[in-house]
Structure formats: C-alpha cells, structure tokens
Amino acid sequence: MTADKILVNFSQIFNPYDKGHPLSGDDMNKAEIIENGYIAIKDEKILKVGTGQPDSDLISDTTEIIDYTGKLATPGLIDCHTHLVYGGSREHEFAMKLNGVSYLDILKQGGGILSTVRSTKSASFDTLYNKSKRLMDYMLRYGVTTVEAKSGYGLDWETEKRQLDVAKQLDHDHAVDLVSTFMAAHAIPEEFKGRSGEFIQLIIDDMLPKVKAENLAEFCDIFCEKNVFTADESRKLLSAAKEMGFKLRIHADEIESIGGVDVAAELHSTSAEHLMKATDEGIQKMAESQVIGNLLPGTTFSLMEDTYAPARKMIEAGMPITLSTDCNPGSCPTINIQFIMQLGCFQMKLTPIEVFNAVTINAAYSVDRADTIGSLDAGKNADITIMDCPNIDYPLYFFATNLVSDVYKNGKHVVKAGQIIE
Ligand code: NIG
Ligand code: FE
C-alpha cells in the first residue's frame, strides 16, 4: 500500500509499546526508540513507522515526502486532566498565596473555586467558547492533540450544561480532540453550605441522568478533600455514576489524605488524580486495582508546596502513571504540558522514557482512547508531535521552552514551524 505522506529523516522516533493495558512497573521505562526513521501516513492513520529511508513500495506519484532532519517525533501528547472551560481568572488570589494563605482557606472564605463559579455562571456560551478555544490553541502549539476537560465551575445544572456544551462544540470544531468529564461535585455551592449530602443527592437524582441522556460526558469525577466532599459522599456519587454507565475518575489525596484512594480502588476507577499525599497503603491498594495514578506536579509547584506525588514509589509498587497539567484558573494556571513533563523528571525523578510513556500511551488509557491514539502503531490515528531537538532527553533537560515545531492531527498538518495552520 502506498502512503499519502511520509515524514522522513527524524533523528529519533519515540514509540510506546501498547500492551493492551496501561504500562506499569519496569514496563514504564521501556519503549521502541528508532534512530533515523520515518513515519508513513495513509487516510489519516499511521501506515508504517520504520528505520532509514522508506521502501519504494510505500511511495506513489502523489506521495508527499516531508523532511524532518534532526527532529524528534512522538505520538501526539495527551493532557488527561484539565479544568479547561471556565470564566474569569484568579490572579487577585496570587498575592494572598504569596502571603501564605492556603488554598483551602481561600476556598473557605468563599474564594478559590467558588470565585470561578461566580465568573462562569455570568459568562455566556460564546465567552466560554472563545476563552477555551484560545487555551486549546496554545495547547496544540505545545504539542497536545487530545485533552480531557472537566465541568465543575457551574455547580447548578444550567451552568454545568453550558460548560459541557462548550466542550462538545470545541471537540467538534477544534483540531484538538476533547474528552468530557462531568464534575459538578467540584465544590459545595454557597446555597448548599453545610448540606453537602443534599447536593450529592441532587447530582445523582437530577444532573447525572441528564448528562447521560444528552450524552454530554463519558467520565464522572469528584473532589474528595477535607472541607469539600468526604470519602463516603464520593463513594455514593461514583457508585451511582458507575451504575448509570459513566467511567470514573477521582481527585484524591491532593491536600489531605481522607480516603478517596480507597474509593478509587474499590470502584475500580479508571484513575485517581493528584495523589500528592498518597500513603504507602493507598499506593498498594491502587496498584492491586490497577488504578492509573494521574499526577499533576504543576499543582504542587503552583500551590507553592514542596510535596510532589511519590511517583517512584508508585512505579515500584506497580501502579501505572500519567502526568497532566490540571490546567485551571486556581491551583495550576498553565497549559504547558512540556513544563509538567520536566517537573516529572526534576521533582519526581521519573526517567525521560517514563515521562513520555505517561503523556502518550498511559494517558490514552486514562481517557479510554488507547484503541486509536497514544502510540504510533499502524492503524492508529496519525497524531504526531514533532520537536525541534534530536532525542527525548533534550526536551526534558532544556526546560521551560516550547520546542514543538510541527503537529499532525489525524494525518493533517495543523502546526507548522510553531504556527497553527488554519
Ligand atoms: O484539580 N482540586 C480541585 N480542583 C482543581 C482546582 C480548581 C480551582 O482551584 O479552580 C484541582 O486542583
Ligand atoms: Fe483538577
């Protein structure tokens, strides 16, 4: 079969092993690394990845050959935890943070997530759409081709639905694919203060069935945290969501360890997210259930804390690991997945192969898309990120600089020399 396009002369191609499940333990540090290679694309899919020059039987008169001498190719990067759609911003809380006021204290005073809830409620569909599109444009230029996006800045049905509608429209319109998560259980609404149980019941009885009926989200998530939702409330909501056919994620052990990890293990949640305060016992339970540990080192950095999730312990215990930005206006205002990957090395002591596996094949499993993305295997979508550097060590060592030069999404050249092609 001949190719539509062949990208040639890469100095290195990083191709994760797709073993039919997320990589864990020693497998996280293994990948196919091709020096001096090419990638052939046919009908939006990967046709072949190989070493040296492409065989003549891949080339017809119409095959386009594009030279990437000296560059690195990887599967399109996947940011599998973001709070992408929100109104307003929170730089006014930055001074409080610098003065040592804690994240949970800001939330307790009605700020934090609740401040963004007020801004999101008053933002129109178009305002939210344009703001989120701008973030997705940045993400694409940083090499991201698929993003998970959570609701959770409405807390009432009307605004939660508006967030999910924006996400759905952007998934349709934008080159970056979007995977939607329903997270009304992100904070206790002001009008439910002291009645969190009633709010959980409202989500179960009223909102979840509507999300399902309108097919607005695949996953359900909850913020299991001190002063937010308890482990029992998380168990109740996620069990109901599972019964309705949602896949599960959970914000657990972010600031305090209050049992969210047990819920993740019991319910076989696809992932448990944050895990900065994960205990040895929690790690063991998650490893046994093969819950994916979705680690967000940018949040530790941005909250000005010094406890990073114990990634090495997790890998040693056999947990699969992913890394993502947590892009949100409060605890981690960034879209820069490359910086997050660098924190994975600098602060969590992950190896470059572990980091690239985390944001490609394991992230694909975390959003339940590994049948089509996450590696460069023949037949998968031709989502390819190309960096202006010779190997996978370089973009982790040369930090805080966007090294992405080109991106292909479903075989289409969407970023060229750092710019989005409209
Ligand atoms: O993942 N922890 C809860 N949610 C977000 C923060 C959202 C916000 O502060 O606006 C997080 O850190
Ligand atoms: Fe989050």
Side-chain angles (χ1 to χ4, degrees), residues 79-94 96-97 101-121 123 128 131-132 135 147-155 159-160 163 179-189 219-229 233-234 248-258 260-261 264 269-277 292-305 307-309 322-335 337 340 343 363 366-367:
D79 191 346
C80 58
H81 178 140
T82 82
H83 304 256
L84 179 79
V85 183
Y86 61 85
S89 59
R90 305 226 293 273
E91 64 275 26
H92 55 281
E93 286 174 4
F94 191 59
M96 294 169 81
K97 259 189 353 187
V101 185
S102 80
Y103 180 78
L104 288 181
D105 281 339
I106 295 174
L107 180 61
K108 228 178 178 174
Q109 292 164 25
I113 296 175
L114 293 174
S115 151
T116 301
V117 167
R118 289 188 289 275
S119 317
T120 308
K121 277 184 201 276
L128 292 175
K131 198 172 161 70
S132 313
L135 294 178
V147 173
E148 183 259 11
K150 303 171 197 296
S151 69
Y153 290 123
L155 314 184
T159 320
E160 288 290 315
Q163 280 189 277
V179 179
S180 231
T181 296
F182 175 58
M183 196 182 177
H186 192 199
I188 302 163
F219 286 88
C220 181
D221 196 344
I222 182 168
F223 189 16
C224 181
E225 187 58 62
K226 187 181 159 203
N227 297 340
V228 194
F229 297 105
E233 288 166 340
S234 305
L248 309 181
R249 327 181 77 82
I250 181 169
H251 280 60
D253 287 3
E254 177 176 353
I255 298 160
E256 305 246 344
S257 182
I258 64 157
V261 155
S269 176
T270 304
S271 64
E273 333 239 326
H274 286 287
L275 305 176
M276 269 140 73
K277 300 289 161 62
I292 300 173
N294 191 2
L295 312 183
L296 313 160
T299 309
T300 308
F301 177 83
S302 166
L303 292 177
M304 302 176 193
E305 298 213 1
T307 321
Y308 285 84
T322 60
L323 290 168
S324 23
T325 60
D326 197 18
C327 170
N328 73 69
S331 71
C332 199
T334 186
I335 57 81
I337 190 82
I340 302 307
L343 288 176
S366 146
V367 292

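The figures here come from the full heavy-atom set of this structure, side chains too, leaving out hydrogens, waters and symmetry mates. Start at 1 and go down the list; that is how both ligands and their atoms are numbered.
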Is any side-chain heavy atom of [Y] closer than 4.5 Å to one of [X]?
X	Y	result
Ser366	His81	no
Tyr153	Asn328	yes
Ser151	Val85	no
His83	Asp326	yes
Cys80	Asn294	yes

Closer than 4.0 Å to some heavy atom of His186 - which atoms of ligand 1 meet that? 3 (C), 4 (N), 5 (C), 7 (C)
Just heavy atoms, cut-off under 4.0 Å: does Glu225 contact ligand 1 by side chain, backbone, both, or neither? neither
Given that the side chain starts at C-beta and the backbone is N, CA, C, O, which of these parts of His83 lies under 4.0 Å from ligand 1, counting heavy atoms, or is it both or neither? side chain
Rounded to 10°, how many degrees is the angle NE2/His81-the Fe ion (ligand 2)-OD1/Asp326?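 Computed angle, vertex at the Fe ion (ligand 2), rounded to 10 degrees: 80°.
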For Thr307 and Glu305, which I'm curious about, is there any donor-acceptor pair between the side chains at under 3.5 Å?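 No, no side-chain donor-acceptor contact under 3.5 Å.
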Looking at ligand 1, would Thr116 count as a contact under a 4.0 Å heavy-atom criterion?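 False for this residue.
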Glu273: heavy atom below 4.0 Å from ligand 1, yes or no? no
For atom 1 (O) of ligand 1, which candidate among Met276, Arg90, His274, Glu93 provides the closest heavy atom?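 Looking at heavy atoms only, His274 sits closest to atom 1 (O) of ligand 1.
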Do any nitrogen or oxygen atoms of Tyr103 come within less than 3.5 Å of a nitrogen or oxygen of ligand 1?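 Yes, Tyr103 has an N/O under 3.5 Å of an N/O on ligand 1.
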So which heavy atom in the protein is nearest atom 11 (C) of ligand 1, and how far is it from that ligand atom? Asp326 OD2, 3.2 Å
